[in-house]
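Read the structure below first, then the notes.
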Amino acid sequence: MTQSKKIITLRNVSVSYDAHTALEEVNLDIYEDDFIGIIGPNGGGKSSLVKAIMGEVKYRGEIVIDDLLRRGNHFKIGYMPQVSQFDMRFPISIEEVVLSGLQTEKGFFGRYTTKDRERVAELLKKMGIEELAKRPIGEVSGGQMQRALLCRAIIAEPKLLILDEPTNFVDNSFEQEFYTMVAELSKQMAVIIVSHDLGTITSIVKSIVCVNRSVHRHNSNILTEEQLRNYNCPIQILSHGHIPHTVLEHHSGDGCKHHH
Ligand SMILES: Nc1ncnc2c1ncn2[C@@H]1O[C@H](COP(=O)(O)OP(=O)(O)OP(=O)(O)O)[C@@H](O)[C@H]1O
Ligand SMILES: [Mg+2]
């Protein structure tokens, strides 16, 4: 077997907000050919984990990013934040949102070329929202915004793509297309996708990382019930055919909160 290259190493990484510890002593290796699904309950620390990697939150411990991900003084990482956290009141257009994915390359005052704009149009078309290019972001739906944010995350052709709950607002019919696109992208770059839609992600990802204050990596897209139970939150697996469906159960008393 050929050895794939490690691109990110987290050593004893902890993230705290005031008195609240969101992540504790996390150790995790990420490789160039990874396609990771991050799962875990609400408030478990999934977004904190990806923000730590992006350098967007303060952390203790060490995060080493390999030169393979560097281009000059910035990182070849495409990041799509959780949409609820994105400020949609900015008076900028969808096209400008996507172009801003090139900002770290161009520098703050860099000019966008005709080629850049053509690339934007091409990506928007792929996502089925080409007619929204000039529309201010305050006037698009959550799902349309998520499509634009995926364009923004990939326009600079990253080596690692990080998606934080990318399909929260996307309708069912586009969701499947969205995942198919992400699976296609995963052939060219490492992909980390945070999702509550466990059934869907486990069928496309190669590894699963469970995040619930502590972090466990499983080098398989199928988790046994025992593995899940060992990771703190009671989780039940329902199997439908060959696709393992995983459902987070409610449990009281330890601060875990779940959707649904
Ligand atoms: N900026 C912040 N200030 C204070 N506490 C925060 C902040 N961001 C997150 N937290 C807390 O840290 C914990 C982890 O939050 P995080 O957003 O990482 O969880 P998550 O797994 O992404 O949740 P969700 O599934 O709801 O997106 C939560 O208890 C949250 O309330
Ligand atoms: Mg989150």
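Whatever order the structure lists them in is the order used to number ligands and atoms, beginning at 1. Note that the coordinates shown come from a computational prediction; the quantities given were computed from them, not determined experimentally.
- Between Ser141 and the choices Met145, Gln144, Glu139, the side chain to side chain contact (heavy atoms under 4.5 Å, CB included) rule is met once, by Gln144.
- Under the 4.0 Å criterion applied to side-chain N and carboxylate O atoms, Lys5 and Glu32 are not assigned as salt-bridge partners.
- Under 2.8 Å from the Mg ion (ligand 2) lies no N/O/S atom of Asn42, from backbone or side chain alike.
- Between His216 and His218, the ring planes lie tilted relative to each other; the angle falls in the 30° to 60° range.
- For the Mg ion (ligand 2), the N/O/S atoms of Ser47 include one lying under 2.8 Å.
- Looking at Gly43, Gly40, Ala52 and measuring to atom 13 (C) of ligand 1, the nearest heavy atom belongs to Gly43.
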Stepwise side chain to side chain contact (heavy atoms under 4.5 Å, CB included) test for Glu56 and Tyr79 = CA-CA 11 Å; Glu56 289 193 359; Tyr79 173 50; 3.6 Å; yes
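- Ligand 1 places these atoms under 4.0 Å from at least one heavy atom of Gln82: 27 (O).
- Taking every heavy atom of Glu165 and a limit of under 4.0 angstrom, the matching atoms of ligand 1 come to 25 (O), 27 (O).
- The shortest N/O to N/O separation between Ala22 and ligand 1 does not fall below 3.5 Å.
- At a heavy-atom cutoff of 4.0 Å, ligand 1 is contacted by no atom of Lys51, backbone or side chain.
- For the pair Asp171 and Arg147, the salt-bridge criterion is met [side-chain N within less than 4.0 Å of a carboxylate O].
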task = Would you check, one step at a time, whether the test side chain to side chain donor-acceptor pair (under 3.5 Å) holds for Tyr17 with Ser48?
result = CA-CA 10 Å; Tyr17 302 100; Ser48 299; 2.7 Å; yes
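- Residue Ser48 approaches ligand 1 through these ligand atoms, each under 4.0 Å from one of its heavy atoms: 14 (C), 15 (O), 16 (P), 18 (O).
- Per-residue contacts place Pro41 under 4.0 angstrom from the following atoms of ligand 1 (heavy atoms of the residue considered): 21 (O).
- Arg70 and Asp67 are joined by a salt bridge, as a carboxylate oxygen and a charged side-chain nitrogen come within less than 4.0 angstrom of each other.
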